[in-house]
Amino acid sequence: MHGFFHANRCRSRHVHSSSSLLFLRWERMGDPQTKLNRKASRSLLRPERGTNKKNPSTISDAEVVRWNMAISEHMRRGRCDLALHHFQTMPRRTSVSWNAMISGYLMNDRFDLARQFFDRTPDRDIVSWNVMLGGYVRNRNLSAARALFDRMPKKDVVSWNTMLSGYAQGGYVEEAREVFDRMPDKNSISWNGILSAYIQNGRIESARQLFDSKSDWETVSWNSMMAGYLRKKRLVDARYLFDRMPERDEVSWNTMITGYAQNGELLEAQKLFEDSPVRDVFTWTAMVSGYVQNGMLMEARRIFDEMSDKNSVSWNAMIAGYSQSRKMDLARELFDAMPCRNISSWNTMITGYAQNGEIDRAWSLFNEMPRRDSISWAAIIAGYAQSGHSEEALRLFIEMKRDGERMNRSTFTCCLSTCADIAALELGKQVHGRLVKAGYETGCYVGNALLAMYCKCGSIDEAYNVFIEMPDKDVVTWNTMITGYAKHGYGREALEVFESMKKTGIGPDDVTMVGVLSACSHTGLVDKGTEYFYSMEREYGITTKAQHYTCMIDLLGRAGRLEDAQLLMKKMPFEPDGATWGALLGASRIHGDTKLGEASAKRIFELEPDNSGMYVLLSNLYASSGRWNDVGKMRLIMRDRGVRKVPGYSWIEVQNKVHTFSVGDSVHPDKDKIYGFLEELDLKMKRDGYVSSTKMVLHDVEEEEKEQMLKYHSEKLAVAFGILTIPPGRPIRVIKNLRVCEDCHSAIKHISMIVKRLIILRDSNRFHHFNNGNCSCGDYW
DNA sequence: GTAGGGTTAG
């Protein structure tokens, strides 16, 4: 089934222009699952065909019950096909049979089929309605749930409770409250529903008030309240409740023990654990995972070994513990020894291997496992994406569709962030379309991923559209937008977003301030930046970290205030790291201060001897002040120390195809056209007064061929190819893995004027929007 | 068919 992969999976990560990847025509690939659906619903239209020959009226009720139970059982085991077969061949159906099909499909994540059965159910009882309502609620489609709810001919307390918990879980506390106030009769589930609506949405004080207003709470609600305090790390309040609650069940004990364990109070946890009257699997597992989460693997293992009847969850917790502490061989030992592996065990191992850089092992486990779920796919895809194999990751998405696995929120999130990594905008847009179709466009995680995708693909306007339409924005949302604007050189827009963020009541965090400061830095807003820097502790209660100092040194340095930058560096309460010195080195390059540049570079080489970018930066600095001997020396030093320059390459997406160029590329099929076009451009540029500078040659070219080769830097090739292939009026989006060199930067400025096109270049540091001879970075990068 | 506690993915 996965042979498609085996052949190609070891290819280098270097995207090759002629490779046949990313020809992603999602729509045209056909969805086997959808075909199956259609087939199923067609045969449903002739339900009596092939049914039992017996006269339906002679079938006993008991026999119908047996059929119904068989349907439920098959559904529970994930065998929708067998359940459907039973349903179609059973001699007589009751509403229970229909309901079993509906709830079974919902259980197996086949929402569309559930809805079809619901629509066809001949006489729907209130349970059918409630099951369907629950389906919408679990799918987080609250507007549809509400529409169904309002259409219900009759509602009982279950209907009301379902709607209530839907709103609660979706974060709509006010709506939940309204439902609660309107419901004609309330049971203990309703009361607990509104209580946990508050708790789950972080409104612990409202919960406490409600809890104090009434005395006859059930144990479940006591437990909820306790868990609420624990989530807020209010261990004392939780313990107070625990000590005076009228009745404690095993959940109460387990909640309290887990609370202590997860907050590092292992001694208290251990004490309660010993006092606990009933120790079930939960109790034991809570202890194991408590020790695991605090890195106490020996203790975890001791408890684990003492457990008499371990279930798969406890095994998985222990395995996760080993893999989180990079002890993959111990994890594997347990995995091999465990009696009944479930899908989570496989997923845990795959995640472990993937996160410990053993992607090949992750891959072979993924192929060995008997059944895969969306988590398995997400784990392996994230593994490839995070280890830099973006194309493999995207290829797996296609494979996942073939396998019939449905995209869910997390696979969408994962897919979008992979698109962002390689700046596959067209693909990202297609995924966006599918996301909307699947009804997942709401939700913070996936929304943030979408936003980041548009930002990183260079489509900042579309990013903003996504941003304003996101119904619930969290800190990450705001930070992504601010940083996005900053990287595109839109400092003022970034600061505007920051100002509106402050009005929402979502407090900025340290990441926000990094975004804000770098917005100021990339736009040259020195005073504004200084003001934010010195007021962040006082005004927003954010502790100033080393990163903020680095931003500030960058800001001052770029603006030419090199002495102030050095002064601040001396004053900062942290030991400067490579990034801090790097900011100073970058500033020295812009302002041609060779002496300061050398001094900074020296410190960087001590701190990060393998950072090839810094050697290149220093060489460029020497070159720009004509110190060619030193440039030569740098090259020798790099060779002696074995520092390898990362080869520079650029890529561009044209009609869903990614084309990659490296310097002096001679493999692209259109190379003659591209080179000819570049020559032509070169003549026009020279007429414009452009002089090719040989400053940045170390970048990726050998010295002898300096001038000749510079014309063929990878970004120039990609830009030329884009102009030739992308219809006029559309921007040309190029991505480069290193910083853009000065010569290319000034050449592309000229090109943008000559061909009258908008050229957007993402380099390793930021975005450059070239338009009409200017760049959005203001030559500041 | 609707509540509370343990493992895996983002």
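We name chains A, B, ... by the order of the sequence lines, and we start the count at 1 in each one.
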More than 12 non-hydrogen atoms from neighbouring residues, nucleotides or ligands closer than 6.0 Å to [atom1] on [X], yes or no?
| X | atom1 | value |
| --- | --- | --- |
| A/K154 | NZ | no |
| A/R77 | CZ | no |
| A/R361 | CZ | no |
| A/E247 | CD | no |

Rounded distance in Å - [atom1] ([X]) to [atom2] ([N]):
| X | N | atom1 | atom2 | answer |
| --- | --- | --- | --- | --- |
| A/L164 | B/dG4 | CG | P | 11 Å |
| A/F304 | B/dT7 | CZ | P | 15 Å |
| A/Y445 | B/dG10 | OH | P | 9 Å |
| A/I375 | B/dT7 | CD1 | P | 13 Å |
| A/I189 | B/dA3 | CD1 | P | 8 Å |
| A/Q169 | B/dA3 | CD | P | 6 Å |
| A/L106 | B/dT2 | CG | P | 10 Å |
| A/M338 | B/dT7 | CE | C1' | 10 Å |

Under a 3.5 Å threshold, yes or no: a donor from one side chain and an acceptor from the other, between [X] and [Y]?
| X | Y | answer |
| --- | --- | --- |
| A/Y167 | A/R177 | no |
| A/S344 | A/N347 | no |
| A/Y384 | A/R395 | no |
| A/T477 | A/N448 | yes |

Candidate nucleotides [options], ranked by approach to the side chain of [X] - the nearest:
| X | options | answer |
| --- | --- | --- |
| A/T219 | B/dG4, B/dT7, B/dG6 | B/dG4 |
| A/A382 | B/dG4, B/dA9, B/dG6 | B/dA9 |
| A/N161 | B/dG6, B/dT2, B/dG4 | B/dT2 |

Looking for any heavy atom pair under 4.0 Å, which part of the strands does [X] touch: base, sugar-phosphate only, or nothing?
| X | answer |
| --- | --- |
| A/N342 | nothing |
| A/D280 | base |
| A/V131 | sugar-phosphate |
| A/D373 | nothing |
| A/S188 | base |

Would you say A/F282 stacks on B/dG5, if stacking means ring centres under 5.5 Å apart and planes within less than 30 degrees? yes
Ring-on-base stacking between A/W377 and B/dA9, under 5.5 Å between centres and under 30° between planes: is it there?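 Stacking between A/W377 and B/dA9: absent.
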Examine the base of B/dT8 for any acceptor or donor lying under 3.5 Å from a partner atom in the side chain of A/S344, and report the outcome as yes or no. yes
Establish whether the base of B/dG4 is bridged to the side chain of A/D249 by a donor-acceptor pair shorter than 3.5 Å.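 Between B/dG4 and A/D249, which were checked side chain against base, a qualifying N/O pair under 3.5 Å is present.
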Please determine whether salt bridge (Lys or Arg N to Asp or Glu O under 4.0 Å) holds for the pair A/D150 and A/R146, giving the CA-CA distance in whole Å, both sets of side-chain angles, and the decisive distance to 0.1 Å. CA-CA 6 Å; A/D150 289 338; A/R146 185 54 188 253; 3.2 Å; yes
Does A/Q293 put a side-chain nitrogen or oxygen below 4.0 Å from OP1 or OP2 of B/dT7? yes
Evaluate the side-chain proximity of A/Y454 to A/H432: yes if any heavy-atom separation is below 4.5 Å, no if none is. yes
Is it true that A/F366 and A/W377 have ring centroids separated by less than 6.0 Å? yes
Of all of residues 252-264 of chain A, which get a heavy atom below 4.0 angstrom from DNA chain B, listed by number?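 Within residues 252-264 of chain A, the residues near DNA chain B are A/N254, A/T255, A/T258.
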Under 4.0 Å from any atom of DNA chain B, heavy atoms only: list the residues of residues 221-248 of chain A that qualify, in numerical order. A/N223, A/S224
